[in-house]
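Remember, it's a predicted structure, so these values are computed and weren't measured experimentally.
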Amino acid sequence: MIDIKKGLENLKQHIKIAPENPGVYRMIGEDGEVLYVGKAKNIKKRITAYSHINKLPVRLQRMVAQICRMEFIIVENEARALLVENELIKQFKPRYNILLKDDKTFPHLMIDVEADFPCLRKYRGSRKDNNKYFGPFASVGAVNSVTDILQKVFLLRSCRDSVFKNRERPCMMYQIKRCSAPCVGKISKEDYKILVQDAVDFLEGKNAKIQEQLSEKMQEASSRMDYETAMLYRDRIRALTSVQSTHNVEYAGIKSADVIAIARKNGIVCIQIFFIRSGQNCGNAPYFPMQTEDAEDTEILEAFITSFYASQKAPDEIIVSTSLENQDFLEEAIGTKIRTYQKGGKASIIKMAENNAEASIERKLAMSASIKNNLEEMTKIFNLPRIPQRIEVYDNSHNQGSYAIGAMIVATPEGFDKKSYRTFNIKNSAITNDDFAMMQEVLTRRLSRMTPDNRPDVILLDGGKGQLNAVHEALADFDLNGITIIAISKGPDRNAGKEFYHIKGRESFELPYRSAIAFYLQNIRDEAHRFAIGTHRKKRAKSIYKSRIDEIEGIGQKRKHDLLNYFGSAEEVANASVKDLQKVGGISKKTAEKIFNYFHN
């Protein structure tokens, strides 16, 4: 039986002084722990509901019992209350709030409509300008699919501005009829603007109008016997028709809506969200909220909507599988309609989202069972003190000592915890060809920031006995109690499945060939390798856009641009004489001598 008298009395004392304004409230327990963060249109009215103990689920009764004090933040409106609540939940992670584990952003399509020759590109991030954004899309693949259609139908450029400004002849995209080549004047600025507007109309669902216009232009070109132009219009019409034929009739007429459904099984709750824009399904994504014990579907959906739309732009309509208790508040805060449907096309889409949520739970249960079995087996084989809750896997990557990085991935009983992934730029340039020394630096830096919350149970190294000994030597001054360090090295002929495992104080050994535990350890080792290689390649690719010219004092972006345009590359600039350098507009004799001396002294 929960003793709630003291907490309830504290709650009632705060109800007396609570403001009758929109805002955010915090329930605080012993030692200043934030138990719960909530929002309300009327704070006093909202927290009064918690005093009706018998109407609360057991979870919230426990919360009320622990209340020592409360704090209130008055805000100007519901939208501000939603944002403040979301910020505080992320900061404190209260134990009685329903939390979203994943706070990812989704890709969009962007057209910089105010440019002379607007570009079509993928985009992630905030939208603070006057560009046109379309989406979100659930995956990069979905964005690429729509981009491919837009290029076929509307011939918009997708190249970087630096490439666009420096082209002298059309690129391959023009040759394969995916671009109108505005870079070299193959289309006028006015005609290109028409293509851009047509693309915007298409993305806003005005397909019929565009097809009529294209048909008229094809007929006009054919009438004047300009058959080549007529064929171009014909190809664009075909591409547009192919898109329309793949549309699901149930999405037709839906301009902008997110469909959100909830399902639960075996204690797991899944929320599935479908993105529908301009009659097209732009993909779907599952979410598995945490701390949902005893929470009703309505409460979970409201918590999800609050968190999700604090960082995502809301569509014209949000369609939910269950009616919401605080629907009016959320509509005012988010600035959109929230609806549920019992029949018709939208009801069938809700059912589809529910089915996807159930399927996501089934996959998660199957995956969790597999991981649990592997971790139990791992505990026995490696004599671990307990089933590992946090496995950190490390790998290095470099190119003959250049762009050296260390990478760490984290595996848990829930799967890969990608929010905890980390990369380490190797600071000591003298060791970038020494894998042992690199690993020593990475592990030393990592464990120097270890806390009780991020303390690993297992450290898995990509390497052999030498790597293992080097790491133990580097970590001699750290408290490794309860941490098992394992090195995994390639087997004969680098054969996957025949790796050797090394632990201090034990003989090296193999795992049963093609066993489940062997596959599991290979998988998490390969994930670390993938992450390390990917990070290394990004770092190397980024360096391509840098130039030694950047290091010359007094040479800004314009002069750098003029030098590279004139000579073609930084190497040619380095080999140029003072006289040749002066031929570049804006480069005086003094500046030319400075550039020459930089490369030759």
Side-chain angles (χ1 to χ4, degrees), residues 1-53 55-76 78-103 289-295 299-300 302-304 306-308 310-311 326 329 333 389-390 410 412 417 419-420 447-456 479 482:
M1 183 70 179
I2 301 171
D3 182 9
I4 62 172
K5 289 183 180 179
K6 186 176 179 181
L8 183 58
E9 183 59 33
N10 290 333
L11 171 65
K12 289 179 177 179
Q13 290 298 321
H14 284 86
I15 289 173
K16 295 176 183 178
I17 61 171
E20 298 186 53
N21 305 87
V24 175
Y25 57 92
R26 274 181 282 182
M27 296 178 173
I28 300 171
E30 291 182 352
D31 303 323
E33 178 193 5
V34 177
L35 303 171
Y36 185 83
V37 176
K39 63 185 176 305
K41 193 171 187 177
N42 182 315
I43 294 176
K44 181 188 284 286
K45 186 176 178 181
R46 180 70 187 92
I47 67 171
T48 299
Y50 292 104
S51 65
H52 305 304
I53 292 297
K55 295 181 181 180
L56 298 178
V58 175
R59 168 176 141 268
L60 295 185
Q61 288 181 17
R62 286 200 297 266
M63 178 189 75
V64 171
Q66 297 174 55
I67 294 174
C68 291
R69 61 187 176 89
M70 295 186 67
E71 293 180 358
F72 309 113
I73 302 174
I74 298 173
V75 295
E76 57 271 26
E78 290 86 341
R80 183 61 187 158
L82 184 143
L83 291 173
V84 172
E85 179 200 34
N86 192 58
E87 289 167 2
L88 292 175
I89 289 173
K90 286 183 178 179
Q91 179 181 349
F92 295 110
K93 295 181 174 57
R95 71 165 86 170
Y96 290 103
N97 276 96
I98 294 166
L99 304 177
L100 275 191
K101 186 177 180 181
D102 194 359
D103 190 28
M290 299 181 293
Q291 301 178 181
T292 56
E293 179 192 1
D294 295 334
E299 183 186 355
I300 297 171
E302 288 186 1
F304 173 81
T306 296
S307 178
F308 188 80
S311 57
N326 297 302
F329 178 93
Q389 301 300 300
R390 181 183 174 101
V410 177
T412 73
D417 180 7
K419 278 192 173 182
S420 297
L447 293 193
S448 65
R449 298 177 181 177
M450 184 170 61
T451 68
D453 291 333
N454 66 17
R455 186 180 180 87
D479 173 19

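- Taking the side chain as every heavy atom from C-beta outward, I67 and Y50 never approach each other to under 4.5 Å.
- Side-chain contact between M63 and L11 is absent, with no heavy atoms from C-beta onward closer than 4.5 Å.
- Distance check: E293 CD to L60 CG gives 10.5 Å after rounding to the nearest 0.5 Å.
- Here the closest non-hydrogen pair linking C68 and G29 is SG-C, 3.8 Å.
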Enumerate, atom names and distances included, each donor-acceptor pair closer than 3.5 Å involving a side-chain atom of residues 33-41, sequence neighbours excluded.
residue : atom : partner : partner atom : Å
E33     : OE1  : R95     : NH2          : 2.8
E33     : OE2  : R95     : NE           : 2.9
E33     : OE2  : R95     : NH2          : 3.1
K39     : NZ   : E85     : OE1          : 3.3
K39     : NZ   : T306    : OG1          : 2.9
K41     : NZ   : E332    : OE2          : 3.0

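- We find the CZ-CG distance between F92 and L99 to be 13.5 Å, quoted to the nearest 0.5 Å.
- For I98, the side-chain contact (heavy atoms from CB on, under 4.5 Å) partners are R59, P289, T292, A295, E299, I300, A303, not counting sequence neighbours.
- With rounding to the nearest 0.5 Å, the separation of CG in N454 from CG in L447 is 9.5 Å.
- In this structure, CG in D453 is found 9.5 Å from CZ in R390, a value given to the nearest 0.5 Å.
- Listed here is the closest heavy atom pair of I43 and A18: CG2-CB, 4.4 Å.
- In this structure, the separation between CE on M27 and CD1 on I47 is 6.5 Å, given to the nearest 0.5 Å.
- Taking the side chain as every heavy atom from C-beta outward, M70 and I15 never approach each other to under 4.5 Å.
- When all heavy atoms are compared, the tightest approach of A65 to I4 is CB-CG2, 3.6 Å.
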For this session: Applying side-chain contact (heavy atoms from CB on, under 4.5 Å), run through V75 and L83 and close with a yes or a no.
Result: CA-CA 10 Å; V75 295; L83 291 173; over 6 Å; no

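- Between F329 and E302 there is no side-chain heavy-atom pair separated by less than 4.5 Å.
- Distance check, rounded to the nearest 0.5 Å: CD of E71 to CG of L88 gives 9.5 Å.
- A donor-acceptor distance shorter than 3.5 angstrom exists from the side chain of Q61 to the backbone of I53, with no hydrogens or angles considered.
- More than 12 non-hydrogen atoms from other residues, nucleotides or ligands lie less than 6.0 angstrom from CD of E76.
- Residue pairs meeting the salt bridge (charged side-chain N to carboxylate O under 4.0 Å, His left out) criterion with at least one partner in residues 8-19, sequence neighbours excluded, do not occur; the list is empty.
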For this session: Show the numbers, then the answer: is there a side-chain contact (heavy atoms from CB on, under 4.5 Å) between N86 and S307?
Result: CA-CA 6 Å; N86 192 58; S307 178; 3.4 Å; yes

Problem set entry | side-chain contact (heavy atoms from CB on, under 4.5 Å) assessment of H14 paired with R69 | CA-CA 7 Å; H14 284 86; R69 61 187 176 89; 3.9 Å; yes

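- What you find for I74 and P19 is that their closest heavy atoms are CD1-CB, 3.7 Å.
- When every heavy atom of A333 is checked against every heavy atom of A79, the shortest pair comes out as O-CB, 3.3 Å.
- Under the 4.5 Å side-chain criterion, counting only non-hydrogen atoms from C-beta, P456 is in contact with M450.
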